[in-house]
Chemist: 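Below you will find the structure I want to go over with you.
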Amino acid sequence: MHDVIVVGGGPVGLYTALLLRQAGLHAVVLERRAERSSHSRAIGIHPPALRALEACGIADELRSRGVRIRDGVARSGGRHVGTVSFSTLPGEERYVLAVPQAVTEEILERRLEQDFPGTLQRDVAVVTTHDAGDHVLAVTRAHGRDAVLRAKLVVAADGARSSIRDDAGIRAPSRRYPDCYVMGDFQDETGDGDDAVLYLETGGIVESFPLPDGIRRWVVRLGCPVERPTAEDLTDLIRARTGVDVAPGTNSMLSAFGVQSRLAERFVSGRTVLVGDAAHEISPIGGQGMNLGWLDAARLVPIIAASLRDGDDVAARLALYERDRRAQAALARRKAHLNMALGRPLPAPLMRPRNAILAALIRNDSVHAGVARAFTMQ
């Protein structure tokens, strides 16, 4: 009998398990992938999440291996529109930390294995789960053999298409957006240093973010999906919209994706609790999803520990967890919606006055501070 089975060994599942083990609970993480993915999707760690990561002792290593983005610069048509500085943020973390997701997962996994060997079990698929009232049964499949595990709780950290959420009978309607993106990592020859840069262009937004080791991530908004983009395709788009030359031969990651969002109608059902994308899928534009999942776990684990270790009645606290985290996810979804709207194509006669209004707003101290807080999930 485990205290908790965490399904999904991504950054949210690993962090959840680490907190559970540090709280003295017997937890196991089941991950269907045999090896950690080298594909880095999420890169931005926002100040509230970085503070939460302090609790499991990995924040310093993340800082040492990341890039601190202290300013976001907006340009359009080769001209400077405005700069949002994060120097006005509260607390000590006045930046967004850019770390490739693969590095973040590596650090989390290593710490979990160091402190609690055997907690992560790879190449184990969860076929189905069943809430038996006073415990949960999880049917697993590994190396062609099925087994049944028992636990007091299951935490679903298995992503936007969560099968555990389905097993619990929780609905999560999805919403599709008319936005598609191509993204890639290239050697940085821009001279923009540690600044994030948003190019507000008539054909749609182009975003670029610094990464460690002299790499820069580029994200280009398209009107229709591209199934198999090439590095040359992406660099041609960047040049056509921004005038910036990026060397295609330095490409180290390439991806294309559409956008949808979903918000689970419940985060708690019986002995199943949802965290991360299983609870709320948010557009990756704005980089909020992984951070939301970590903040879910930071809020949830003390409640679980109070219930399983101390025997407290936590029904009211779980209801509050569900209410508050759903509200935070809904807010993040609205912010992502606004971010995507800002990046859609706009005719030149409308782009110029829109940019002038943005520039004027950014120059206003109170608005500037509010934008900085919004972009960093404060």
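Note that these values count all heavy atoms, side chains included, but never hydrogens, waters or copies made by symmetry.
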Chemist: Run the salt-bridge test on Asp324 and Arg299 with the 4.0 Å N-O cut-off and return the result as yes or no.
Modeler: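 A salt bridge is present here (some side-chain N lies under 4.0 Å from a carboxylate O).
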Chemist: Can you confirm whether Glu109 sits close enough to Arg122 that some side-chain heavy atom of one is under 4.5 Å from a side-chain heavy atom of the other?
Modeler: yes
Chemist: Can you list the steps and then say if Phe116 with Gln22 is a side chain to side chain contact (heavy atoms under 4.5 Å, CB included)?
Modeler: CA-CA 9 Å; Phe116 307 102; Gln22 288 177 340; 4.0 Å; yes
Chemist: Hydrophobic cluster membership, with links at side-chain heavy-atom distances under 4.5 Å among I/L/V/M/F/W/Y: are Leu320 and Leu318 in one?
Modeler: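 No, no single cluster joins them.
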Chemist: Do other residues, nucleotides or ligands put more than 12 heavy atoms under 6.0 Å from Asp146 CG?
Modeler: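 Check passes, neighbour count above 12.
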Chemist: Working to the nearest 0.5 angstrom, can you tell me the gap between Ile164 CD1 and Thr128 OG1?
Modeler: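 Output value for this atom pair is 7.0 Å.
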Chemist: Would one find more than 12 heavy atoms of other residues, nucleotides or ligands at under 6.0 Å from atom CZ of Arg141?
Modeler: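 Atom CZ in Arg141 is not crowded, with 12 or fewer foreign heavy atoms closer than 6.0 Å.
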Chemist: After noting the C-alpha distance and the side-chain angles of Val136 and Ile5, does the key distance pass the side chain to side chain contact (heavy atoms under 4.5 Å, CB included) rule?
Modeler: CA-CA 9 Å; Val136 181; Ile5 294 173; over 6 Å; no
Chemist: For the CD1 atom of Ile58 and the CG atom of Leu18, what is their distance to the nearest 0.5 Å?
Modeler: 7.0 Å
Chemist: Would you say Arg75 and Tyr199 are linked by a side-chain donor-acceptor pair, where the criterion is simply a distance under 3.5 Å?
Modeler: yes
Chemist: Are Val155 and Val28 linked, directly or through intermediate hydrophobic residues, by side-chain heavy-atom contacts shorter than 4.5 Å (ILVMFWY only)?
Modeler: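 No; Val155 is not reachable from Val28 via cluster members.
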Chemist: Is Arg94 atom CZ crowded by more than 12 heavy atoms from other residues, nucleotides or ligands, each under 6.0 Å away?
Modeler: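 Enclosed: over 12 neighbouring heavy atoms sit under 6.0 Å from CZ of Arg94.
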Chemist: Around Arg239, counting heavy atoms of other residues, nucleotides and ligands shown, do more than 12 lie under 6.0 Å from its CZ?
Modeler: yes
Chemist: Is any NZ, NE, NH1 or NH2 atom of the basic residue among Glu54 and Arg63 found under 4.0 Å from an Asp or Glu carboxylate oxygen of the other?
Modeler: yes
Chemist: Side chains of Ser174 and Glu281: does their closest heavy-atom pair fall under 4.5 Å?
Modeler: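 Of all side-chain heavy-atom pairs linking Glu281 with Ser174, none is under 4.5 Å.
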Chemist: Restricting to non-hydrogen atoms, name the atom on Ala372 and the atom on Thr88 that form the minimum distance, rounded to 0.1 Å.
Modeler: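 Residues Ala372 and Thr88, closest heavy atoms: CB-OG1, 4.0 Å.
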Chemist: Can you confirm whether Phe375 is buried at CZ, in the sense that more than 12 heavy atoms of other residues, nucleotides or ligands lie under 6.0 Å from that atom?
Modeler: no
Chemist: Report whether Leu263 and Val275 are members of the same hydrophobic cluster (ILVMFWY, side-chain heavy atoms less than 4.5 Å apart, transitive linking).
Modeler: yes
Chemist: Between the side chains of Glu106 and Arg110, is the shortest nitrogen-to-carboxylate-oxygen separation below 4.0 Å, so that they form an ion pair?
Modeler: yes
Chemist: Under a plain distance cut-off of 3.5 Å, with no hydrogens placed, do Asp166 and Ser163 share a side-chain donor-acceptor pair?
Modeler: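 No donor-acceptor contact under 3.5 Å links the two side chains.
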Chemist: Rounded to the nearest 0.5 Å, what separates atom OH in Tyr95 from atom CD1 in Ile45?
Modeler: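 With rounding to 0.5 Å, OH (Tyr95) is 9.5 Å from CD1 (Ile45).
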Chemist: Which value, rounded to the nearest 0.5 Å, describes the distance between Asp192 atom CG and Asp71 atom CG?
Modeler: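 Asp192 atom CG to Asp71 atom CG measures 11.5 Å (nearest 0.5 Å).
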Chemist: Flag yes if more than 12 heavy atoms outside Asp213 fall under 6.0 Å of its CG atom; otherwise flag no.
Modeler: no
Chemist: Which heavy atom of His368 sits nearest a heavy atom of Thr83, and at what distance?
Modeler: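 Reported closest heavy-atom pair: NE2-O, 3.3 Å.
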Chemist: Assess, by modelled atom type and distance only, whether the side chains of Asp167 and Thr129 contain a donor and an acceptor separated by less than 3.5 Å.
Modeler: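 Looking only at side-chain atoms, Thr129 and Asp167 do form a donor-acceptor pair, the distance falling under 3.5 Å.
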Chemist: Checking salt bridge (Lys or Arg N to Asp or Glu O under 4.0 Å) for the pair Arg68/Asp194: CA distance, chi angles, key distance, verdict?
Modeler: CA-CA 7 Å; Arg68 301 183 189 200; Asp194 293 346; over 6 Å; no
Chemist: Consider only side-chain heavy atoms of I, L, V, M, F, W and Y, link residues closer than 4.5 Å, and tell whether Val244 and Val220 are in one cluster.
Modeler: yes
Chemist: Give a yes or no on whether the backbone of Thr242 and the side-chain of Glu201 come within a donor-acceptor separation of less than 3.5 Å.
Modeler: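 Side chain of Glu201 to backbone of Thr242, a donor-acceptor pair under 3.5 Å: no, none is there.
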Chemist: Is there a path of hydrophobic side-chain contacts, each under 4.5 Å between heavy atoms of I/L/V/M/F/W/Y residues, joining Val219 to Met253?
Modeler: yes
Chemist: Taking Thr376 as the fixed residue, which of Leu50, Ile69, Leu89 is the one that meets the side-chain contact (heavy atoms from CB on, under 4.5 Å) rule?
Modeler: Leu89
Chemist: For Val301 and Ala23, work out which heavy atoms get closest and say how close.
Modeler: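 Smallest interatomic distance, heavy atoms only, reads CG1-CB, 4.4 Å.
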Chemist: For the CD atom on Glu92, are there more than 12 heavy atoms of other groups (residues, nucleotides or ligands in this structure) within a distance under 6.0 Å?
Modeler: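 For Glu92, atom CD is not crowded (no more than 12 foreign heavy atoms under 6.0 Å).
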Chemist: Closest approach of Val226 and Leu222, non-hydrogen atoms and distance?
Modeler: CG2-CD1, 3.4 Å
Chemist: What's the separation between atom OG in Ser261 and atom NE2 in His280, rounded to the nearest 0.5 Å?
Modeler: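 It comes to 12.0 Å.
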Chemist: If I compare all heavy atoms of Asp3 with all of Leu308, which pair ends up nearest, and what's the gap?
Modeler: O-CD1, 3.7 Å
Chemist: When rounded to the nearest 0.5 angstrom, what distance separates CZ in Arg266 from CZ in Arg165?
Modeler: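 It comes to 12.0 Å.
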